[in-house]
Amino acid sequence: MKYTTRGFAPLIALFIVLGVLIVGGIGYVALKPQMTQNAQESVAANTNTSANTNTTPSQENRIKEPVISWKFEAAAEKDNVPYTNVSVTVNGTAHAVGSFQGSCSQVGASGGVDGKGLLAGELSAAQCWFAGGGDEVGVFATEDGGLEVMTGVLSEGEEGAGVVRGNFTIETAYKL
């Protein structure tokens, strides 16, 4: 029996041409990033247009970042210890969190008593501090699109170890 390879030559040439076209197309797109950006913007615009036609206000809030603000009001002293009433407003809805020892302030990106800023998953926070200890109140994002207002403990910790932040408990949980 005699074998022939003449039928494979056109097939191999076809694979080479297809390979060159694919590699060339990928190279062209890589060198022209505005093409992919324009395509992504077009898809996003079409998605937003179709999504916004039938959305309710609560659905629109899920799409946006929450607007969070803090309110601190001096409370009555107890046993010569100053207290501060803390409330947080999220998207226009106020939540009274509680009364905490010391004075309170909002935690910035690189702020807080330890200088490390917000914790993982924390969208905004306030810390109340008095005489080497205190409390942290944070608004945390949940995986299901909701938010949780949580309180945790602050302490100076052991010498050289820095401030300890943790042991958070849920105060309020709600959906955006």
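Throughout, residue positions are numbered sequentially from 1 according to the sequence presented.
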Quiz prompt | Side-chain heavy atoms of V139 within contact of L147, under 4.5 Å | solution = yes

Quiz item: Can you get from L123 to V97 by hopping between Ile, Leu, Val, Met, Phe, Trp and Tyr side chains that sit under 4.5 Å apart?
Solution: yes

Practice problem: Determine which pairs satisfy salt bridge (charged side-chain N to carboxylate O under 4.0 Å, His left out) with at least one residue from residues 88-110, sequence neighbours left out, and list them in order. | Solution: none

Practice problem: Look up atom OG1 in T151 and atom CZ in F168, then write down how far apart they are to the nearest 0.5 Å. | Solution: 8.0 Å

Quiz item: Are side-chain heavy atoms of V86 and F72 found at a separation under 4.5 Å?
Solution: yes

Quiz item: Can you list every pair that meets salt bridge (charged side-chain N to carboxylate O under 4.0 Å, His left out) and has a residue in residues 66-86, with sequence neighbours left out?
Solution: K71-E73

Self-check item: Heavy-atom closest pair, residues C128 and L154
Solution: O-CD1, 4.0 Å

Quiz item: Got a sec, which residues hit ring-ring contact (aromatic ring centres under 6.0 Å, His included) with F130, two or more places apart in sequence or on another chain?
Solution: none

Quiz prompt | Partners meeting side chain to side chain donor-acceptor pair (under 3.5 Å) with E136 (sequence neighbours left out) | solution = Q127, R165

Quiz item: Does N91 reach the main-chain N or O of V67 with its side chain, forming a donor-acceptor pair under 3.5 Å?
Solution: yes

Practice problem: Name all residues meeting the side chain to side chain donor-acceptor pair (under 3.5 Å) criterion together with W70; count only those two or more places apart in sequence or in a different chain, and write none if there are none. | Solution: S124

Let me have the donor-acceptor pairs involving side chains of residues 98-109, under 3.5 Å, with sequence neighbours excluded, atom names and distances please.
unit_1, atom_1, unit_2, atom_2, d
S99, OG, N85, OD1, 3.2
Q101, NE2, Y83, OH, 3.3

Practice problem: Please round to the nearest 0.5 Å and tell me the distance separating atom CH2 of W129 and atom OG1 of T84. | Solution: 14.5 Å

Exercise. Could you state whether L119 and M150 fall into the same hydrophobic cluster, counting links through intermediate Ile, Leu, Val, Met, Phe, Trp or Tyr residues with side-chain heavy atoms under 4.5 angstrom apart?
Key: yes

